[in-house]
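Position 1 is the first residue of the sequence; numbering continues from there.
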Amino acid sequence: MAPPPKQQTMKERILETADKLFYLQGIRAIGVDTIAAEIGISKRTLYNHFPSKDALIAAYLERRFVAQRPSDKPPAEQILATFDSLERRFAAKDFRGCPFVNAVAELGPTDRAVKKIAIAFKESRRIWFRERLTELGVADADALATQLVLLVDGSIAQDLVRDDPAMARAAKEAAKVLLRNAGVDVGGDAVKQHKRAPQ
């Protein structure tokens, strides 16, 4: 028999509720009173676990900061699969954009704690692209990684405005162009490294 599911701690319940409400309705729109009421606890109980709303916001963003899962697929396939994953996410009814961009947009660039977490997240994604590109032997992996994250963020913004998951497919096609220009063969469904002839 499988063991019974582990019961959530109060801290986990608070954080899960805050995550859902902050992401779907906005950080400014949701106060600690609303979060406490949703769980059925007092504000004092909430503050026992998170001393301020700022601390809860930081914990919410850190919870969303999930590392990319390791994969044994070829690097170029991993890069292009990012856009397939985005398309699936865009199609979900609860998609409200990037939580890190949303937080900076809502709270302003002067909220240094939030901005620091957002920058760290965005940079971790850029470095992930750079590592895959380095594996492919791309000459200027750093610059191309920056261009790829711009495609990701641009497709998210376009989907939010248009409500059209096909924006991820358009970004994927643009990513293929960038990869081809960097010497990576992305012809057909097979994606493989293309060694350039010596100059």
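- Nearest approach of Lys53 to Gly31, heavy atoms of both residues: NZ-CA, 4.3 Å.
- Between Gly97 and Ile156, the shortest heavy-atom distance links the atoms CA-CG2, 3.9 Å.
- The existence of a salt bridge linking Lys20 and Glu38 is confirmed by a sub-4.0 Å separation between a basic side-chain nitrogen and an acidic carboxylate oxygen.
- Linking ILVMFWY side-chain heavy atoms closer than 4.5 Å, directly or via other members, places Val101 and Leu61 in two distinct hydrophobic clusters.
- The ring-ring contact (aromatic ring centres under 6.0 Å, His included) contacts involving residues 65-110 comprise Phe65-Phe121, Phe90-Phe95, Phe100-Phe121, where partners must be two or more places apart or lie in separate chains.
- A 4.5 Å side-chain heavy-atom check between Leu107 and Arg28 finds at least one atom pair inside the cut-off.
- Considering only residues two or more places apart in sequence or on other chains, Glu131 meets the salt bridge (Lys or Arg N to Asp or Glu O under 4.0 Å) condition with none of them.
- Checked against side chain to side chain donor-acceptor pair (under 3.5 Å), Thr134 has no partners two or more places apart in sequence or in another chain.
- Listed by first and then second residue, the salt bridge (Lys or Arg N to Asp or Glu O under 4.0 Å) pairs that reach into residues 39-48 are Asp33-Lys43, sequence neighbours excluded.
- With hydrophobic clusters built from ILVMFWY side chains whose heavy atoms lie under 4.5 angstrom apart, Met10 shares a cluster with Val32.
- Between Lys176 and Asp185 there is no salt bridge, since no side-chain N of the basic residue sits under 4.0 Å from a carboxylate O of the acidic one.
- Atoms OG and CE, on Ser155 and Met167 in that order, are 9.0 Å from each other to the nearest 0.5 Å.
- For residues 136-160, the pairs satisfying salt bridge (Lys or Arg N to Asp or Glu O under 4.0 Å) are Lys122-Asp153, Arg126-Asp142, Arg130-Asp142, with sequence neighbours left out.
- Phe129 pairs by the ring-ring contact (aromatic ring centres under 6.0 Å, His included) definition with nothing, not counting sequence neighbours.
- Separating the CZ atom in Phe22 from the OG1 atom in Thr17 is a distance of 10.5 Å, to the nearest 0.5 Å.
- A search for salt bridge (Lys or Arg N to Asp or Glu O under 4.0 Å) contacts involving Arg162 returns nothing, not counting sequence neighbours.
- Applying the side chain to side chain contact (heavy atoms under 4.5 Å, CB included) criterion to Ala157, with sequence neighbours excluded, gives no partner residue.
- Side-chain N or O atoms of Glu12 include one that pairs as donor or acceptor with a backbone N or O of Thr9 at under 3.5 Å.
- Ile127 and Ile79 sit in two unconnected hydrophobic clusters of ILVMFWY residues. Membership requires side-chain heavy atoms under 4.5 Å apart, directly or through other members.
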**Q.** Candidate pair Leu15 and Leu56, rule side-chain contact (heavy atoms from CB on, under 4.5 Å), full reasoning
**A.** CA-CA 7 Å; Leu15 192 50; Leu56 186 54; 4.2 Å; yes
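- Sorted by first and then second residue, the side-chain hydrogen bond (donor to acceptor under 3.5 Å, both in side chains) pairs with a member in residues 95-108 form an empty list; sequence neighbours excluded.
- Taking the salt bridge (Lys or Arg N to Asp or Glu O under 4.0 Å) definition, one finds that Lys115 meets it with nothing, sequence neighbours left out.
- Inter-residue side-chain proximity for Tyr60 and Pro99 is flagged as met; some heavy-atom pair is nearer than 4.5 Å.
- Between Asp84 and the choices Lys172, Arg169, Arg89, the salt bridge (Lys or Arg N to Asp or Glu O under 4.0 Å) rule is met once, by Lys172.
- Taking CD of Glu16 as the start and CD of Gln8 as the end, the distance is 4.5 Å to the nearest 0.5 Å.
- Every side chain to side chain contact (heavy atoms under 4.5 Å, CB included) that Ala55 has, sequence neighbours left out, goes to Pro51, Ser52.
- The shortest non-hydrogen separation linking Tyr23 to Asp94 is CE2-O, 3.2 Å.
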**Q.** Working for side-chain contact (heavy atoms from CB on, under 4.5 Å), residues Gln68 and Gln78
**A.** CA-CA 10 Å; Gln68 298 273 75; Gln78 290 183 53; over 6 Å; no
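- Considering every non-hydrogen atom in both Leu136 and Pro75, the closest pair reads CG-CB, 3.8 Å.
- Closest of all the heavy-atom pairs between Leu133 and Ala145 is CD1-N, 3.5 Å.
- There is no side-chain donor-acceptor pair under 3.5 Å between Thr82 and Ser85.
- For residues 64-75, every residue pair satisfying the salt bridge (Lys or Arg N to Asp or Glu O under 4.0 Å) rule, not counting sequence neighbours, is listed here: Asp19-Arg64.
- To the nearest 0.5 angstrom, Ile14 atom CD1 is 4.5 Å from Leu46 atom CG.
- Atom CZ of Arg112 is separated from atom CD1 of Ile119 by 11.0 Å, given to the nearest 0.5 angstrom.
- For the residue pair Ala174 and Leu151, the shortest heavy atom distance occurs at CB-CD2, 3.7 Å.
- Val177 places none of its side-chain heavy atoms less than 4.5 Å from the side chain of Val186.
- Separating the NE2 atom in His49 from the NZ atom in Lys11 is a distance of 8.0 Å, to the nearest 0.5 Å.
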